[in-house]
2 protein chains.
Amino acid sequence: MEAPSRPYHHGNLRAALLLAGERALESGGVENLSLRELSRELGVSHTSPRRHFADKQALLDALAQHGFERLGATLGRAARGQGTDFESRLTKVGRAYIGFARQHAALLSLMFTAKHRPEAPRALLEASEKALAHTLAIFSEGQAAGVVIPGDPHRLALVVFAALQGLITLSTNGKLKDIPVDKLVGEVIGHLVLGLGPRAIH
Amino acid sequence: MEAPSRPYHHGNLRAALLLAGERALESGGVENLSLRELSRELGVSHTSPRRHFADKQALLDALAQHGFERLGATLGRAARGQGTDFESRLTKVGRAYIGFARQHAALLSLMFTAKHRPEAPRALLEASEKALAHTLAIFSEGQAAGVVIPGDPHRLALVVFAALQGLITLSTNGKLKDIPVDKLVGEVIGHLVLGLGPRAIH
DNA sequence: ACCTGAACACCGTTCAAGT
DNA sequence: ACCTGAACACCGTTCAAGT
């Protein structure tokens with residue numbers, strides 16, 4: 001019997017740091033994530049993370065990238081729901097986004113700020129673009145079907161996600177009281193779809 | 001001639017800290033705002049701020065509150081523009097908001113996070129509500145005039161501001177390229193106004 | 001009342017050194 | 001290759017003490 005719990009070479013330190021980092025994130029925000037504390041939890045010296053992440057920001061970027069990969073999977077599943085109309089497909093994606101946001105609030109916030117850093121690594125940017133690919137396709141297809149006004153789909157999608165983001169901040173801060181969030185999502189998407197659609201009379 | 005530059009009692013330490021704090025905020029974000037560095041700049045010991053702000057968060061809250069007061073003044077001026085229709089009044093407020101956001105990006109971000117803290121002081125919450133009062137009135141009046149659907153004006157305003165916030169993050173990160181932001185504001189408000197309006201046919 | 005200096009318990013990062 | 005320990009330059013906060 002050897003002691004596999006703390007070998008000299010940790011073996012999975014990189015993966016372990018990401019996992020512990022995500023836990024720390026959810027339980028205290030970026031502000032309370034400390035490399036030294038993660039190292040303590042994992043039983044390695046506080047300089048060990050350096051071998052795997054150049055600095056703290058590199059770990060945060062990796063966490064954000066992983067977050068985008070999971071968000072992409074979540075949204076992709078919701079977007080691939082087949083053959084319904086524009087509004088209901090969009091509503092499904094919206095609900096999936098809200099679900100992810102409520103479950104991983106601190107991670108989502110990190111994802112946003114990491115992505116918007118000027119020095120953001122290419123891998124992170126690629127992951128963030130990939131995460132929204134399926135959703136953008138909904139807009140393009142809506143345009144092709146003539147139920148969505150022309151224009152850059154990114155721009156249209158931005159408005160929708162920005163509005164959803166507003167709902168999430170309200171929701172996570174308890175300002176919505178008894179109103180179920182899913183109902184609100186439907187309403188908001190409804191408003192926006194009407195606003196994005198070609199007018200019956202103008 | 002006395003030396004008014006560094007008396008034993010600073011005299012305006014509270015105000016000086018707020019001013020220096022705001023400068024530090026704009027030039028490096030919340031992350032780079034340090035009480036010790038502010039104290040150094042002002043030529044007082046690093047424990048002096050304690051007399052005026054219980055801790056760092058108290059200074060941040062005061063900065064956020066001051067920010068809401070200025071935002072309120074800005075939006076109020078824009079909202080009081082008299083006697084035009086719902087959409088153009090909303091567009092004016094939207095442009096004013098965007099202007100403030102671009103000029104005080106780090107401050108606005110601090111304002112949001114400070115306001116959403118569960119332990120946010122009452123004065124801060126009151127300032128944030130007051131800042132949006134004139135804007136909310138636009139929605140209420142729009143409802144009274146029958147050009148806006150019924151519902152909690154806060155909820156409607158939220159969607160608009162959330163969407164604007166999305167534009168701002170794009171803009172401050174240079175993702176909008178040559179498109180002038182003011183033009184986009186008009187488009188977005190236009191979409192939303194259509195979406196919020198009563199349908200001609202349904 | 002208002003400010004100070006020393007002390008405490010933390011950080012992230014660097015670097016020579018160990019296995 | 002991978003990890004360590006000591007060191008450096010920072011933090012925010014507390015507390016007894018000065019004027």
### Query
C:dC3 phosphate, OP1 or OP2: any side-chain N/O from B:H52 under 4.0 angstrom?
yes
### Message
With a cut-off of less than 4.0 Å, is there a side-chain N or O of A:S45 near OP1 or OP2 of D:dT4?
### Response
yes
### Query
Looking at side-chain heavy atoms only, is the closest gap between B:R14 and B:R51 below 4.5 Å?
no
### Task
Using a 4.5 Å cut-off on heavy atoms from C-beta on, say whether the side chain of B:L33 contacts that of B:L63.
yes
When the distance from [atom1] of [X] to [atom2] of [N] is rounded to whole Å, what number comes out?
X     : N     : atom1 : atom2 : answer
A:L42 : D:dC2 : CG    : C1'   : 15 Å
B:N12 : C:dC2 : CG    : P     : 12 Å
B:R14 : C:dA1 : CZ    : P     : 18 Å

Can we say [X] and [Y] salt-bridge, meaning some charged N sits less than 4.0 Å from an Asp/Glu carboxylate O?
X      : Y      : answer
B:E22  : B:R70  : yes
B:E69  : B:K130 : no
A:E129 : A:R122 : no

#### Entry: Distance-only donor-acceptor check, side chains A:E37 and A:H46, under 3.5 Å
no
### Message
Between A:D61 and A:Q65, do the side chains contain a donor N or O and an acceptor N or O under 3.5 Å apart?
### Response
no
### Task
Treat primed atoms plus P, OP1 and OP2 as sugar-phosphate and everything else as base, then score nucleotides 11-17 of chain C 5' to 3': B for base contact with protein heavy atoms under 4.0 Å, S for sugar-phosphate contact only, - for none.
BBBB---
### Task
State the dot-bracket string of DNA chain C. Criteria: Watson-Crick or G-U wobble, both atom distances under 3.5 angstrom; notation: ( ) intrastrand, [ ] crossing earlier pairs, | interstrand, . unpaired.
||.|||||...|||||.||
### Query
How would you list all residue pairs meeting side-chain hydrogen bond (donor to acceptor under 3.5 Å, both in side chains) that involve residues 102-111 of chain A, not counting sequence neighbours?
A:R102-A:S171
